[in-house]
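Input: a single structure, listed below in structure tokens.
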Amino acid sequence: MRMKAIGTFALVLGLLFASSFSACRKAEAPAASEVAPVADSGKGVASMGVVQAPFGMLPDGSAVDIFTLTNANGLKARLMTYGATLVSLELPDRNGAFADCVLGYESLDGYLKASPYFGAIVGRYGNRIAKGKFALDGKSYTLATNDGANHLHGGVKGFDKVLWKGEAVRDSSGVGVRFSYLSRDGEEGYPGALEAVVTYVLNDSNELIVSYEAKTDKPTVVNLTHHSYFNLAGGTRDILGHELTLFADRYTPVDVGLIPTGVLAPVAGTPMSFEAPTAIGARIADVPGGYDHNYVLTGGGKTIALAARVFEPESGRVMEISTVEPGIQFYSGNFLDGTITGKSGRAYGKHWGFCLETQHFPDSPNRPEFPSIVLRPGEILKTMTIHKFSTK
Ligand code: BGC
């Protein structure tokens, strides 16, 4: 049973209401529409707001919109309907200077040409499924194998590459966008038509909250996550100096294809341990290929709990991640190799960004001993991750 009724989640959803603005999917996109003006009093104090504007067009002529969320402290998140993607996230450093702290592109074009899931929502199943095969209720299913012999992040055209409907939402608790997508029965090989809703909310406590909801009409497997590559130094250098704490005492070791062996191994005394704050680069040379592992969260899977804290010493920026998910994939940007030139003309070299993807464990459809990823008709999957930003 995937129903996860949690107080905070219900509160956030309860406080939200849908505005009358919805993303236009036709070629004639509307001019920018303001749901709430972002006022500047002249003292540099902005008010909360969400503004919708056209962002470009897909090859089939569908229009992509972008929503700009701003809070009273001047934090700004921009999210587009293609992939329900976080395109930019402006955060202050300890001196109040703002910088964009996620990798990506300035325009839609880049995302269409080459994006290793920059800022996107990943689904229907985030992470890997061995050989793209699983069985459910005695039936076998075959998915695309788009990562060597394995299935990765929903397949050839996962949720990161589809056009979502976007709707601005706001009330006194925050401003946001409610993205929805209907994945048809059989899409990428998955059984069941799946209705997915992902709501991002920015509030004045400097939290970016990502809430997920899904329903199906046939038994299926679901593992939704958010795939931002963070760089709290504003993308100016690699992330090896960022100090990471993971609230996890075990991880899921993997084979050469990055499929879990099934063991939940203790991290203590190994380069996998981030139980105490440690620079990402401190022991990365001892981890073949770099970090690309799922951690078993100590407080995960039951109620919202702190999963990770990241501190960037030069800027003073801090990000804390809390989730109700049982796992988190820590990926240290190992496959970035300088061939992608992103925002501000920067070539994204190895380890230029890191991902912390809250999730159920990789290959769970083939591991009945892992927390269940099965969703059945009549159930509602509800999950949530909070990114809280501060400085020290
Ligand atoms: C995975 C990596 C993969 C990357 C794709 C991460 O979530 O763990 O193995 O290469 O996504 O950008």
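Both ligands and their constituent atoms are indexed starting at 1 by order of listing.
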inquiry  = Only heavy atoms of Phe335, strictly under 4.0 Å: list the atoms of ligand 1 that pass.
reply    = 9 (O), 10 (O)
remark   = Under 4.0 Å from one or more heavy atoms of Gln329, ligand 1 contributes atoms 8 (O)
task = With the side chain counted from C-beta on, respond yes when Tyr125 and His153 share a heavy-atom pair under 4.5 Å apart, and no when they do not.
result = no
ask   = Which residue owns the protein heavy atom closest to atom 3 (C) of ligand 1, what's the atom, and how far is it?
value = Arg128 NH2, 4.0 Å
Ile321 reachable from Val102 in the ILVMFWY side-chain graph, under 4.5 Å edges = yes
ask   = Hey, is Gln359 touching ligand 1 through its side chain, its backbone, both or neither, going by heavy atoms under 4.0 Å?
value = neither
query = Any N or O of Asn127 that comes nearer than 3.5 Å to an N or O of ligand 1?
reply = no
key: Chi angles and distances behind the side chain to side chain donor-acceptor pair (under 3.5 Å) call for His293, Tyr331   = CA-CA 7 Å; His293 296 86; Tyr331 170 55; over 6 Å; no
key: Exceeds 12 heavy-atom contacts within 6.0 angstrom, atom NZ of Lys161   = yes
ask   = To the nearest 0.1 Å, how far is atom 4 (C) of ligand 1 from its closest protein heavy atom, and which atom is that?
value = Tyr331 CE2, 3.8 Å
ask   = For atom 8 (O) of ligand 1, what is the nearest protein heavy atom, given as residue, atom name and distance?
value = Asp292 OD1, 2.5 Å
inquiry  = Please classify the Tyr229 to ligand 1 contact at 4.0 Å (heavy-atom distances, strictly less than): side chain, backbone, both or neither.
reply    = side chain
message = I need the atoms of ligand 1 closer than 4.0 Å to a non-hydrogen atom of Tyr117, numbered in the order shown.
response = 5 (C), 12 (O)
message = Among all protein heavy atoms in this structure, tell me which lies nearest to atom 11 (O) of ligand 1, with the distance rounded to 0.1 Å.
response = His227 NE2, 2.9 Å
query = Do the side chains of Tyr141 and Tyr190 get nearer than 4.5 Å, heavy atoms only?
reply = no
task = Evaluate the criterion side chain to side chain donor-acceptor pair (under 3.5 Å) for residue pair Asp337 and Thr339; output intermediate values, then yes/no.
result = CA-CA 6 Å; Asp337 59 5; Thr339 52; 2.5 Å; yes
query = Between Phe354 and His242, does the ring centre distance come in under 6.0 Å?
reply = yes
request  = Could you list all the ring pair (Phe, Tyr, Trp, His ring centres under 6.0 Å) pairs where at least one residue sits in residues 264-283, not counting sequence neighbours?
outcome  = Phe274-Tyr291, Phe274-Phe330
query = For ligand 1, is there an N or O atom under 3.5 Å from any N or O atom of Leu152?
reply = no
query = Heavy atom of Phe330 under 4.0 Å from ligand 1?
reply = no
